[in-house]
Structures are given as structure tokens and as C-alpha cells.
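Here's the structure we're looking at; comments come further down.
Numbers for residues simply follow the sequence, beginning at 1. All figures in this text were calculated on a predicted structure; none of them were measured in a lab.
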Amino acid sequence: MSVYFTEDHEWVSVDGDIGTIGISAYAAKALGDVVFVELPDVGAEFDKGDEAAVVELVKAASEVYAPIAGEVTEVNGALEDEPAKVNEDPSGAGWFMKIKVADKDELDGLMNADAYKTYCDGL
């Protein structure tokens, strides 16, 4: 299983043709306390870069963009009751959605963990 990152701090972990999407630990820390998460409907389809979810903070909101195109096959309903999971475990229990990957070639435009760390170090 490989994990890829965007410059907008989303991650996607791909296992077969299913990608699990969330926001990075860097983003979770930078955003602050997440108080609500708006998730897409199962069956929704996104192109790479489309707004796929929204995280609401105490005084603001932030969009979560689809790092790759695909159809939503599952959402993390636990975030509705416990949005703090995004802050507590952004790369684990704080995942947002699973999608059926439409085009694995889109992964080539994303960063691996080492490249993402270098990117964040430069911010």
C-alpha cells in the first residue's frame, strides 16, 4: 500500500483500486480543532482537484479536495459524532472517504512521504 500527498495537504492511500483519503497531520495541526466534517454521499464522483469534503473549525471552514478522481464507495461516518478524530489520528481513524480510483496514472502527479516531508519543511 502506498500513500501519496498533495500540496493542499490531502493524502490518499491506495490498496488495489480503492483509495482512502484524508488530510495530513501537518494540515490537521495547522487547522486547529475540527468541530464538524461534511462528507460526500456514497456514489458521488469527483475529478482530481474537486472539492470533496469540508472541515469546520471553531471560527472558519476549509475545503478538502479530491487528490485523484473516483467514485465514493464509503465515508467515515464516525467523524459525524467525533470530528476530533481528524486532529487525533489524521492518517488513521480520521480518514474521510474511500473512492474507487478512476485513473491510477493520476498518482504520478502526487508526492510520496519523503517528498511531502521536504515540501512541508520548506513552508
Side-chain angles (χ1 to χ4, degrees):
M1 188 178 326
S2 299
V3 181
Y4 303 89
F5 296 86
T6 71
E7 290 183 356
D8 292 324
H9 307 288
E10 291 91 9
W11 59 263
V12 56
S13 172
V14 178
D15 186 10
D17 64 346
I18 299 296
T20 303
I21 295 171
I23 63 171
S24 70
Y26 180 93
K29 182 177 179 181
L31 290 171
D33 293 338
V34 174
V35 296
F36 182 77
V37 178
E38 182 180 321
L39 298 169
D41 294 327
V42 171
E45 294 186 29
F46 297 105
D47 288 327
K48 181 178 181 177
D50 284 353
E51 180 181 317
V54 177
V55 291
E56 293 187 16
L57 315 163
V58 175
K59 293 184 178 182
S62 183
E63 294 80 21
V64 177
Y65 301 101
I68 56 175
E71 178 182 344
V72 177
T73 60
E74 183 179 350
V75 297
N76 186 357
L79 295 182
E80 293 176 5
D81 295 329
E82 298 180 74
K85 286 183 180 285
V86 174
N87 295 108
E88 296 165 0
D89 190 10
S91 59
W95 63 276
F96 284 63
M97 69 197 88
K98 295 180 186 277
I99 65 168
K100 183 173 182 182
V101 178
D103 182 2
K104 286 190 176 181
D105 288 344
E106 289 182 340
L107 297 169
D108 294 339
L110 302 176
M111 294 178 273
N112 64 24
D114 289 340
Y116 180 68
K117 182 183 181 313
T118 301
Y119 173 75
C120 290
D121 288 346
L123 297 177

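- Partners of A25 by side-chain contact (heavy atoms from CB on, under 4.5 Å), not counting sequence neighbours, listed by chain and number: P90.
- Proximity of V101 to V12: side-chain heavy atoms (C-beta onward) are nowhere separated by under 4.5 Å.
- Between W11 and T20 the shortest heavy-atom distance is CZ3-O, 3.1 Å.
- Within the 4.5 Å cutoff, side-chain heavy atoms of Y116 are placed close to those of S24.
- Grouped with I18 in a hydrophobic cluster is no other residue, since no side-chain heavy-atom contact under 4.5 Å to another Ile, Leu, Val, Met, Phe, Trp or Tyr is found.
- Linking ILVMFWY side-chain heavy atoms closer than 4.5 Å, directly or via other members, places V14 and V72 in a single hydrophobic cluster.
- By the rule that hydrophobic residues join a cluster once side-chain heavy atoms approach within less than 4.5 Å of another member, L39 and L31 end up as members of one cluster.
- You'll find the side chain of V75 reaches within 4.5 Å of the side chain of P40, heavy atoms only.
- Annotation: the span from I99 atom CD1 to D17 atom CG amounts to 10.0 Å, rounded to 0.5 Å.
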Listing, residues 103-110 side-chain donor-acceptor contacts under 3.5 Å, not counting sequence neighbours, or none:
residue : atom : partner : partner atom : Å
D103    : OD1  : D105    : N            : 3.0
K104    : NZ   : G16     : O            : 2.6
E106    : OE1  : A69     : N            : 2.7

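- Within the structure, ring pair (Phe, Tyr, Trp, His ring centres under 6.0 Å) contacts touching residues 50-101 (residues at least two apart or in different chains) do not occur.
- Applying the ring pair (Phe, Tyr, Trp, His ring centres under 6.0 Å) test to residues at least two apart or on different chains, the pairs with a partner in residues 21-62 are H9-Y26.
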Only pairs under 3.5 Å count here: list side-chain donor-acceptor contacts from residues 78-89, not counting sequence neighbours, and write none if there are none.
residue : atom : partner : partner atom : Å
N87     : OD1  : V34     : N            : 2.9
N87     : ND2  : A28     : O            : 3.1
N87     : ND2  : G32     : O            : 2.7
D89     : OD1  : G92     : N            : 3.3
D89     : OD2  : A93     : N            : 2.9

For residues 53-64, please give each side-chain donor-acceptor pair under 3.5 Å, one per line with the distance, not counting sequence neighbours.
none

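- Clustering ILVMFWY residues whenever any of their side-chain heavy atoms sit less than 4.5 angstrom apart, transitively, puts F5 in a cluster other than the one holding I23.
- In this structure, the side-chain contact (heavy atoms from CB on, under 4.5 Å) partners of E71, at least two apart in sequence or on a different chain, are E45.
- Heavy atoms of other residues, nucleotides or ligands lying less than 6.0 angstrom from NZ of K48 number more than 12.
- Scored by the side chain to side chain donor-acceptor pair (under 3.5 Å) test, E10 finds T6 as partners (sequence neighbours excluded).
- Counting only residues at least two apart or in different chains, salt bridge (charged side-chain N to carboxylate O under 4.0 Å, His left out) contacts with residues 111-123 comprise K117-D121.
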